[in-house]
**Student:** 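Here it is, the structure, as structure tokens.
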Amino acid sequence: MSFVIHGIAVASGIAIGRAHLFAQTSLDVTHYAVAENKLDAEVERFNAAIATVRNELQDLEGQIPAGSPPEFAAFLQLHLMILNDVTLASVPAQLIHQQGCNAEWALKQQMDLLIEQFEEIEDSYLRERKQDVMQVVERVLKALMGQPVASASSLKPSEDSILVAHDLSPADMMVFKNQSFHAFITDMGGATSHTAILARSLGIPSVVALHHAWAMIREDEPIIVDGMAGVVIVNPDKLVLSEYRLRQEQWNLERQKLKRLRTTPANTLDGTPIELWANIELPDDVEAVKKSGATGIGLFRSEFLFMNRSDTPGEEEQFNAYRRVATALRGQPITIRTLDIGADKPVDSTPTAHSLNPALGLRAIRYCLTEPRLFNTQLRAILRASHFGHVQLLIPMLSSGTEINQVLTLIEQAKAELRSEGIPFNESIPVGGMIEIPASALALPVFIGKLDFLSIGTNDLIQYTLAIDRSDDAVAHLYNPAHPAVLYLVAHTIRTAQKAGIPVAVCGEMAGDVAFTRLLLGFGLREFSMHPAHLPAIKQVILKTSIPDLQTLVKKILNTYDPEKLTALIERLNQ
Ligand code: PEP
Ligand code: MG
């Protein structure tokens with residue numbers, strides 16, 4: 001059966017391929033059809049898994065060491081009771097036959113039903129027993145799969161695999177970076193969640209906020225991902241398929257044409273030179289930076305060096321990574337942002353405190369200031385790398401003058417240490433701050449007086465201005481870069497920095513979105529930093545733009561508050 005799912009477009013392009021389902025947790029299971037003549041075997045597989053878990057639990061019971069707390073035996077008995085209940089032990093076998101589905105799916109449906117019943121129980125102790133149900137089901141699922149649950153690194157994509165996930169963490173995405181998927185689609189996420197940003201950096205189509213795609217799509221099903229429209233077509237018919245093949249060819253041709261702009265200077269029609277810089281996550285991304293024709297790196301998200309590992313990279317390791325990039329850029333600027341962890345970018349080695357509002361919690365510079373040793377290690381590594389190229393230091397999430405003073409003191413301390421150790425570094429390394437909290441955009445003199453440059457992080461600036469969690473698919477439709485409040489803050493920051501004579505860049509996703517290139521040029525922006533994959537398209541817009549011609553419309557846009565009129569004016573600007 002063919003059907004269409006709508007989500008949020010994240011990365012452009014069209015992919016035609018087959019679904020490869022990724023289970024992030026052990027309770028995410030795949031759903032596929034089982035042929036009529038294989039249903040008995042599927043039931044046998046299910047019964048065998050139940051028997052395996054029953055034996056496991058009974059063995060555990062027999063091995064309880066003398067003197068163990070009585071709760072231990074009670075806990076195992078409870079798990080055995082749950083396992084032996086007909087709801088889990090026999091109804092799934094009936095479902096396999098009734099629905100012609102796989103054992104994992106049948107079991108999952110029963111688990112959901114049981115959980116629902118537990119949730120209705122008034123007694124809080126009994127209600128909490130749903131955790132035990134989940135643990136038992138997890139055991140059976142493991143037995144069914146005969147191996148640990150798929151992890152990002154164990155997935156093996158084939159030629160035309162399209163990754164379908166309920167949710168993906170930025171750490172998972174880093175692993176996928178080295179695999180050859182044709183597209184990514186997820187149920188969760190917003191357009192500027194870090195997972196989406198990474199998908200975009202791969203230059204392959206991606207759609208997020210599809211809500212139920214993972215449950216509806218089956219392994220190996222043919223699908224089309226339209227990264228421009230934010231649409232996924234499952235089981236397309238021949239006509240749709242040939243239409244999309246044509247569109248895909250056109251898209252690829254367009255991309256090839258854009259590549260020819262690599263060495264063309266990014267000057268507007270009136271001759272204004274624009275800096276187009278790249279955002280990177282790891283030193284290996286330098287290759288893509290070179291291919292894109294970027295003239296520097298405006299954002300090195302250093303936190304990605306800390307992901308997918310249980311330890312923290314030490315000074316030598318960080319220094320080598322930063323120096324590698326600095327050397328490769330041969331004198332072009334490289335802006336290294338200090339550790340920006342927390343919220344949707346957790347790392348295993350540095351546990352952050354659990355918070356009800358992680359985006360407002362101990363993240364980024366706030367976290368680093370509570371971990372001075374960790375911060376000092378990074379500062380020393382960046383300072384040492386500054387001897388090998390044009391390195392700039394960028395501090396994320398600054399919100400007050402006190403924080404800046406603390407940071408500047410710690411930088412001075414790290415410098416003093418290196419000096420006394422006779423280790424060379426650039427004494428006048430530029431130190432900049434991210435403007436990504438509305439308070440900083442509204443109190444710019446605090447920042448301008450103390451910092452050498454500013455970089456506007458529109459992803460977080462929009463999140464905090466509009467109070468929209470950037471990674472929450474439930475509110476993703478409200479995440480609006482063209483909101484008058486956002487436009488005001490961006491324009492105001494650019495204008496104020498320029499008046500003060502300090503460089504200002506935009507390094508959030510807005511800088512790589514062709515819909516906003518002219519508007520940002522009209523605001524006075526001359527430094528754009530984006531994922532290398534976006535750079536040619538942005539350059540093409542710049543080459544066709546005359547800045548003086550934008551002024552009247554830009555002024556009007558800044559004085560317009562009606563959303564429809566605003567959209568129409570921005571569209572006119574882009575014509
Ligand atoms: C931003 O917030 O716009 C930004 C560039 O930083 P990050 O996306 O890494 O939070
Ligand atoms: Mg940010």
Side-chain angles (χ1 to χ4, degrees), residues 10-11 169-171 173-174 189-201 208 276-282 285 294 296-307 334-347 352 358-368 392-399 403 432-441 447 453-472 476 479-481 483 486-487 489-490 493-494 504-513 516 520 525 527-532 534 538:
V10 161
S169 69
M173 282 303 290
M174 290 312 284
T192 65
S193 62
H194 285 95
T195 302
I197 291 173
L198 288 172
R200 208 172 285 137
S201 76
V208 298
L276 295 185
W277 290 353
N279 292 355
I280 65 165
E281 279 86 36
L282 289 174
D285 298 335
I297 291 175
L299 176 63
F300 180 169
R301 289 183 162 100
S302 70
E303 55 276 10
F304 284 88
L305 290 173
F306 291 65
M307 284 183 189
I334 141 172
T335 315
I336 305 176
R337 182 176 69 183
T338 57
L339 198 52
D340 182 18
I341 55 162
D344 72 329
K345 275 185 295 192
V347 299
T352 40
L360 305 182
L362 196 63
R363 57 168 293 206
I365 192 59
R366 302 167 180 184
Y367 177 77
C368 287
Q392 317 196 105
L393 236 171
L394 180 61
I395 314 295
M397 288 283 296
L398 288 169
S399 62
E403 261 171 0
M434 299 269 303
I435 301 297
E436 48 186 349
I437 297 178
S440 358
F447 295 81
F453 67 96
L454 302 179
S455 191
I456 308 175
T458 49
N459 307 335
D460 277 316
L461 187 63
I462 298 166
Q463 156 165 271
Y464 295 125
T465 306
L466 304 181
I468 304 290
D469 183 340
R470 63 194 264 196
S471 49
D472 185 349
Y479 186 95
N480 177 17
H483 190 291
V486 173
L487 298 185
L489 291 174
V490 173
T493 305
I494 295 170
V504 55
V506 170
C507 66
E509 294 300 288
M510 230 171 147
D513 186 342
F516 296 106
L520 292 172
L525 189 72
E527 287 172 23
F528 293 65
S529 192
M530 67 204 78
H531 265 294
H534 296 170
I538 299 291

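All ligand and atom numbering here is 1-based and tracks the order in the structure.
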**Student:** Determine whether a donor-acceptor pair (N or O, by modelled atom type, separation under 3.5 Å) exists between the side chain of S529 and the backbone of V506.
**Tutor:**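 It does not hold such a pair.
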
**Student:** Determine the minimum heavy-atom distance between N279 and G298, stating which atoms define it.
**Tutor:**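 N279 and G298 have their closest heavy atoms at OD1-C, 4.5 Å.
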
**Student:** Would you compute the distance between atom CZ of R470 and atom CD1 of I462 and round it to the nearest 0.5 angstrom?
**Tutor:**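 The CD1 atom of I462 is 9.0 Å from CZ of R470, to the nearest 0.5 Å.
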
**Student:** As a test of reading the model: which N/O atoms of the protein lie under 3.5 Å from N/O atoms of ligand 1, and at what distance?
**Tutor:**
from: ligand 1; atom 1: 2 (O); to: E436; atom 2: OE1; distance (Å): 3.0
from: ligand 1; atom 1: 2 (O); to: D460; atom 2: N; distance (Å): 3.0
from: ligand 1; atom 1: 2 (O); to: D460; atom 2: OD2; distance (Å): 3.0
from: ligand 1; atom 1: 3 (O); to: G457; atom 2: O; distance (Å): 3.3
from: ligand 1; atom 1: 3 (O); to: T458; atom 2: N; distance (Å): 3.1
from: ligand 1; atom 1: 3 (O); to: N459; atom 2: N; distance (Å): 2.8
from: ligand 1; atom 1: 3 (O); to: N459; atom 2: ND2; distance (Å): 3.2
from: ligand 1; atom 1: 6 (O); to: R337; atom 2: NH1; distance (Å): 2.9
from: ligand 1; atom 1: 8 (O); to: H194; atom 2: NE2; distance (Å): 3.2
from: ligand 1; atom 1: 8 (O); to: R301; atom 2: NH2; distance (Å): 2.8
from: ligand 1; atom 1: 8 (O); to: N459; atom 2: ND2; distance (Å): 2.9
from: ligand 1; atom 1: 8 (O); to: R470; atom 2: NH2; distance (Å): 2.7
from: ligand 1; atom 1: 9 (O); to: H194; atom 2: NE2; distance (Å): 3.0
from: ligand 1; atom 1: 9 (O); to: R301; atom 2: NE; distance (Å): 2.7
from: ligand 1; atom 1: 9 (O); to: R301; atom 2: NH2; distance (Å): 3.4
from: ligand 1; atom 1: 9 (O); to: R337; atom 2: NH1; distance (Å): 3.2
from: ligand 1; atom 1: 9 (O); to: R337; atom 2: NH2; distance (Å): 2.8
from: ligand 1; atom 1: 9 (O); to: K345; atom 2: NZ; distance (Å): 3.1
from: ligand 1; atom 1: 10 (O); to: H194; atom 2: NE2; distance (Å): 3.1
from: ligand 1; atom 1: 10 (O); to: D460; atom 2: OD2; distance (Å): 3.0
from: ligand 1; atom 1: 10 (O); to: R470; atom 2: NH1; distance (Å): 2.9

**Student:** Under 2.8 Å from the Mg ion (ligand 2), protein N/O/S atom count?
**Tutor:**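 Those protein atoms number 2 in total.
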
**Student:** N459 and Y479: which non-hydrogen atoms are nearest, and at how many Å?
**Tutor:**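 For N459 and Y479, the tightest heavy-atom pair comes out as O-OH, 2.9 Å.
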
**Student:** Would the distance check show the side chain of T335 and the main-chain N or O of I297 forming a donor-acceptor pair, the cut-off being under 3.5 Å?
**Tutor:**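 Side chain of T335 to backbone of I297, a donor-acceptor pair under 3.5 Å: yes, one is there.
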
**Student:** Considering non-hydrogen atoms only, spot the tightest contact between M397 and A364 and give its length.
**Tutor:**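 Residues M397 and A364, closest heavy atoms: CG-CB, 3.3 Å.
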
**Student:** Could you work out, with side-chain contact (heavy atoms from CB on, under 4.5 Å) as the rule, every residue matching S440, not counting sequence neighbours?
**Tutor:**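 Applying side-chain contact (heavy atoms from CB on, under 4.5 Å) to S440 gives I435, I437, F447.
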
**Student:** Please name the pair of heavy atoms, one in A199 and one in A11, separated by the smallest distance, quoted to 0.1 Å.
**Tutor:**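 Minimum heavy-atom separation between A199 and A11: O-CB, 4.4 Å.
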
**Student:** Just to verify, what does A359 make a side-chain contact (heavy atoms from CB on, under 4.5 Å) with, not counting sequence neighbours?
**Tutor:**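 Here the qualifying residues are A343, Q463, Y464.
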
